[in-house]
Amino acid sequence: MNTVPVAGAYPAPVEELRLRTRAFIRGTVIPAEPRPGQALNLALRRELQAAARDAGVFAPHVPVEFGGQGLAVEHWSPVFQEAGYSPIGPAVLNAMAPDEGNMHMLQLIGSDGQKRKFLTPLAAGDISSCFAMSEPHPGAGSDPDALATTAVRDGSGWRIDGHKRFTSGATFASFAIVMARTRADRESPAGATMFLVPMDTPGVRIGNPIHTVDSYLPGGHPNVHFDGVHVPGSAILGEAGLGFKYAQVRLGPARLTHCMRWLGLARRAMDIMLDRANTREIFGAHLSQLGIAQDMIAQSVIDIETSDAIIAKCAALLAVDAKAGSALSSVAKVHVSEAVYRVIDRAVQLCGGDGVSDGLPLAQYLNEVRPFRIYDGSTETHKWAIARRTASERRRAVEAGEPFQGAARIYEGER
Ligand SMILES: Cc1cc2nc3c(=O)[nH]c(=O)nc-3n(C[C@H](O)[C@H](O)[C@H](O)COP(=O)(O)OP(=O)(O)OC[C@H]3O[C@@H](n4cnc5c(N)ncnc54)[C@H](O)[C@@H]3O)c2cc1C
């Protein structure tokens, strides 16, 4: 299903980049897609990335000074959706998680030296990275306060100890952004601190793989162990003790770009569903003319359009108010992660047996998007946060003088 841009919604250069990206994904990337269930191999990724540079579509979100297309956050969605139309498109364009979120954070809070050392090669696609936050029980998962990995001052630097898991891309990463608990001292408050840790630092060890249902990210999401890892003071990203705050800086846009990419894949599933429904004849009609199938098609259009709208609103808000945009990204994340799953699941259903075979890529798409309802905050965690935030905003508004609307009125004669 095509993105239908509202005329004038985006400046002409953004629309041109969207069209270039669309042509590149359809003409070059889709013909090179691996079989469903297989990861994009690194040699092919490099080859396609070179072609993306030549086509002028590489790294759309990266500033021009770092070799990207310099798109502002409010213009990412149309281009990211075109990239996501192929499950390998975002990796080819160097706009894939976790690298894309790490680039954004390095750009915002990295020192000049950190940008030179880590952001420049990452943005160029010469290296990859990972983000190490989640831990086994009783450590951090849905509840970041349970963070168990520690970093303590050690001479002029820090010593990191901990066990991370589900660390996407760690196997081939050159460095990790590691979240560790740090104590209060004269220089910083107690809390969490982010460290830039090269993966070849002594004490960093890739542990057992974790076999998940998705497959396109090379190396998957393994365990990673940090045993007595010594890093210099310059490894701190931003300031010590502010890690939880920075995680929100990363997660707001990173959640939203996941929504954009996966919405692109839902559009692909929709096209597969429509092409089948328009051509498959059963019970004397095309599938697309049977009422129950029409309901599934219409519900999918509604899911896609509402997702597109909330992403656009959230991206516009992020551009002017990072805190409010980050709060709305919770709403967008819940809606889009559930909606894209529904769209792809309906496409599987309407394609019958082929839908669950590897003759069509739909079952694999379902596997690719399923974890998105869990990572970057599960649906339930976000709903919990949304409800708490909304209730407390209303309470504060009433305390500040908004008329209270909750008193039941007693009408005359009803006492
Ligand atoms: C494919 C994949 C890639 C990932 N990549 C990374 C990565 O690169 N880096 C990283 O650090 N982590 C990564 N993760 C980990 C991911 O962030 C965690 O799995 C997620 O935060 C949930 O934590 P948990 O698995 O410990 O589940 P738990 O914290 O045990 O939560 C389990 C379930 O509890 C429910 N729940 C949560 N909160 C509430 C609530 N308030 N009320 C009611 N129910 C609730 C939800 O259904 C949730 O799924 C990845 C995970 C997957 C599956």
Side-chain angles (χ1 to χ4, degrees), residues 13 17 20-21 24 40 42-73 75-76 79-80 83 89-133 157-158 167-179 193-201 204 217-219 224 229 231-239 242-243 246-247 249-254 257 261 322:
L17 179 57
R20 268 205 314 279
T21 305
F24 178 75
L40 171 64
L42 293 175
L44 179 60
R45 176 174 167 165
R46 285 195 186 286
E47 196 184 304
L48 290 169
Q49 285 191 335
R53 271 186 216 99
D54 292 345
V57 296
F58 190 72
H61 57 295
V62 169
V64 175
E65 64 195 284
F66 291 103
Q69 307 300 321
L71 274 187
V73 63
H75 298 148
W76 287 358
V79 175
F80 273 56
V92 171
L93 267 53
N94 204 18
M96 173 89 165
D99 290 336
E100 173 265 315
N102 290 346
M103 285 181 228
H104 187 64
M105 203 162 57
L106 276 163
Q107 194 192 317
L108 289 180
I109 55 173
S111 66
D112 288 347
Q114 289 170 338
K115 285 181 188 166
R116 259 194 314 277
K117 186 170 174 190
F118 297 104
L119 179 56
T120 300
L122 189 61
D126 294 337
I127 61 169
S128 63
S129 64
C130 59
F131 185 76
M133 166 83 185
W158 295 77
T167 317
S168 301
T171 313
F172 299 109
S174 295
F175 70 93
I177 296 179
V178 182
M179 204 55 165
T193 301
M194 285 189 180
F195 292 90
L196 286 157
V197 182
M199 294 299 278
D200 58 4
T201 310
V204 179
L217 190 76
V224 184
V229 175
V231 291
S234 61
I236 291 181
L237 182 55
E239 290 175 38
L242 300 187
Y246 297 143
V249 170
R250 181 183 186 279
L251 274 173
T257 52
R261 289 182 288 257

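Quick note: residue numbers are just sequence positions, from 1. A quick note: this is a predicted structure, and the numbers were derived from the prediction, not measured.
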If we ignore hydrogens and angles and just use 3.5 Å, is the side chain of Lys115 paired with the main-chain N or O of Gln107 as donor and acceptor? yes
Starting at CH2 of Trp76, measure out to CD of Glu100 and round the result to the nearest 0.5 Å. 5.5 Å
State, with a plain yes or no, whether a side-chain heavy atom of Leu17 is found less than 4.5 Å away from one of Pro60. yes
Ser128 (side chain) donor-acceptor with Phe172 (main chain) under 3.5 angstrom: yes
For the backbone of Gln114 and the side chain of Ser111, can you confirm whether one donor and one acceptor N or O come within less than 3.5 Å of each other? yes
Can you tell me how far CE of Met199 sits from OG1 of Thr201, rounded to the nearest 0.5 angstrom? 9.0 Å
Could you tell me whether the side chain of Arg261 and the main chain of Pro90 form a donor-acceptor pair under 3.5 Å? no
Should Leu93 and Phe24 count as side-chain neighbours, where that means a heavy-atom distance under 4.5 Å? yes
Is there a side chain to side chain contact (heavy atoms under 4.5 Å, CB included) between Trp158 and Ile236 once you walk through the steps? CA-CA 9 Å; Trp158 295 77; Ile236 291 181; 3.5 Å; yes
For Phe58, is there any backbone N or O sitting under 3.5 Å from a side-chain donor or acceptor partner on Gln69? yes
Can you tell me how far apart CZ (Arg250) and CG (Leu237) are? Round to the nearest 0.5 Å. 10.5 Å
Among Asp200, Val204, Leu122, Val197, the one residue meeting side-chain contact (heavy atoms from CB on, under 4.5 Å) with Phe175: Leu122
To the nearest 0.5 Å, tell me how far Met194 CE sits from Asn102 CG. 9.0 Å
Is any side-chain heavy atom of Thr193 closer than 4.5 Å to one of Leu242? no
Return yes if some donor-acceptor pair links the side-chain N/O of Gln49 with the main-chain N/O of Ala91 below 3.5 Å, else return no. yes
Nearest non-hydrogen partners of Val224 and Ala170, listed with the distance: CG2-CB, 3.7 Å
Output for pair (Leu71 CG, Phe80 CZ), nearest 0.5 Å, gives 8.0 Å
Expected output: side-chain Asn94 to main-chain Ala123 donor-acceptor under 3.5 Å: yes
Closest non-hydrogen atom pair between Pro98 and Cys130, with its separation: CG-CA, 3.9 Å
Given side chains that start at C-beta, do those of Leu196 and Leu106 come closer than 4.5 Å, heavy atoms only? yes
Evaluate Phe131 against Met105 for side chain to side chain contact (heavy atoms under 4.5 Å, CB included), listing each step before the verdict. CA-CA 11 Å; Phe131 185 76; Met105 203 162 57; 4.2 Å; yes
Work out which heavy atom in Leu217 is nearest to a heavy atom in Ala97; give both atom names and the distance. CD1-O, 3.9 Å
